[in-house]
Amino acid sequence: DSGYAMGDLDEEAGTLDLHESPAALNLLFHLLHNTPEPYVPVPDPSDVQEDYIHIRQTVPVAAIPFPLLPTLFSLADKYALTQSIIDICHSHLLAYASTYPLRVYGMAVGMGLDSIAVKTSKYLLHPPLTSYTTEEIKEIPTAEAYHRLALLHEYRIKRLRELLLEEPIFPQRYGECNRH
């Protein structure tokens with residue numbers, strides 16, 4: 001009814017062959033018939049203190065469950081779903097940036113979603129990349145993507161050092177030693 005051709009129609013049997021598991025088809029049909037809203041995080045007022053926001057690692061409640069996202073992206077690509085549905089799935093992927101930063105970064109890089117990869121990379125500053133196991137680092141699809149992430153981290157650390165070194169140690173001369 002929606003104008004999508006999803007396979008070859010067998011005229012004799014009157015059936016459409018879809019080579020997916022029942023669970024994958026259920027997930028696809030649920031996505032198509034009950035398309036979720038784009039995920040928009042709601043800031044928690046308890047996170048805001050003074051002029052900064054604490055980064056909190058929590059599982060988003062209203063997002064599509066993370067283990068389902070790789071299957072959804074595969075199905076969306078295979079069946080050429082509309083860009084609006086794909087964009088919704090992207091927003092739900094970004095919802096897990098603080099919870100599963102390495103996996104989200106790897107998926108985003110693998111799908112060419114540079115904006116999501118950059119937003120997720122800030123959650124990979126701590127713990128440092130050297131603390132991850134080889135198996136965990138394999139989530140990053142290419143050596144080039146790993147190298148770009150390492151360069152971005154080095155740049156961020158360098159800029160932070162520069163900012164901190166430019167700050168006066170004793171603003172308003174408070175606490176300064178009078179003898180020296």
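Here the structure is a predicted model, which is why all the values come from computation and not from measurement.
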Output for pair (Leu75 CG, Ile85 CD1), nearest 0.5 Å, gives 11.5 Å
d(Leu25 CG, His19 NE2) to nearest 0.5 Å is 11.0 Å
To the nearest 0.5 Å, atom CD of Glu162 lies from atom CG of Leu160 at 9.5 Å
Hydrophobic clustering (ILVMFWY, side-chain heavy atoms < 4.5 Å, transitive) - are Tyr146 and Leu113 grouped together? no
For Gly106 and Pro141, the nearest pair of non-hydrogen atoms, with its separation, is O-CD, 3.6 Å
Residues Leu152 and Ser121: closest non-hydrogen pair is CD2-OG, 3.2 Å
Determine whether Leu93 and Leu28 fall in the same hydrophobic cluster, where Ile, Leu, Val, Met, Phe, Trp and Tyr are linked whenever their side-chain heavy atoms lie under 4.5 Å apart. yes
Ser98 and Pro101 have their tightest heavy-atom pair at O-CD, 3.8 Å
When hydrophobic residues are tied together by side-chain contacts of less than 4.5 Å, even through go-betweens, does Leu27 share a cluster with Phe29?
yes
Next on the checklist: A side-chain contact here means heavy atoms from C-beta on lying under 4.5 Å apart; do Pro36 and Leu31 qualify?
Outcome noted: yes
Taking atom CD of Glu37 as the centre, report whether more than 12 heavy atoms of other residues, nucleotides or ligands fall under 6.0 Å from it. no
What one should report as the nearest heavy-atom pair of Thr120 and Tyr105 is CG2-N, 3.7 Å
Sorted by chain and residue number, the ring pair (Phe, Tyr, Trp, His ring centres under 6.0 Å) partners of Phe73 (sequence neighbours excluded) come out as His90
When every non-hydrogen atom of Pro127 is compared with those of Tyr132, the smallest separation belongs to O-CE1, 3.9 Å
So Leu81 and Leu32, do their side chains get closer than 4.5 Å, heavy atoms only?
yes
Same cluster (ILVMFWY, side-chain, under 4.5 Å), Val109 and Leu129: yes
Cluster membership besides Leu165, Ile/Leu/Val/Met/Phe/Trp/Tyr side chains within less than 4.5 angstrom, sorted by chain and number, is none
d(Asp77 CG, Ile86 CD1) to nearest 0.5 Å is 7.5 Å
Taken in chain and number order and not counting sequence neighbours, the residues that satisfy salt bridge (Lys or Arg N to Asp or Glu O under 4.0 Å) with Arg161 are none
Handout entry: Glu139 side chain near Tyr100 side chain, heavy-atom distance below 4.5 Å
Key = no
Distance col, row Ile116:CD1 vs Ser91:OG, nearest 0.5 angstrom, shows 8.0 Å
CG (Leu163) and NZ (Lys158) are apart, to the nearest 0.5 Å, by 12.0 Å
Co-membership, hydrophobic cluster, residues Phe66 and Leu124, 4.5 Å side-chain
no
Q) Hey, are the side chains of His92 and Leu72 touching, using non-hydrogen atoms and a 4.5 Å cut-off? A) no
- Task: Taking the side chain as every heavy atom from C-beta outward, state whether Tyr96 and Met107 have any atom pair closer than 4.5 Å.
- Result: no
Problem set entry | Test item: Leu125 and Arg156 side chains (from C-beta on) under 4.5 Å apart, heavy atoms | yes
Quiz prompt | Side chain proximity check, Asp87 to Pro38, heavy atoms < 4.5 angstrom | solution = no
Got Leu102 and Ile140 here, is their nearest side-chain heavy-atom distance under 4.5 Å? yes
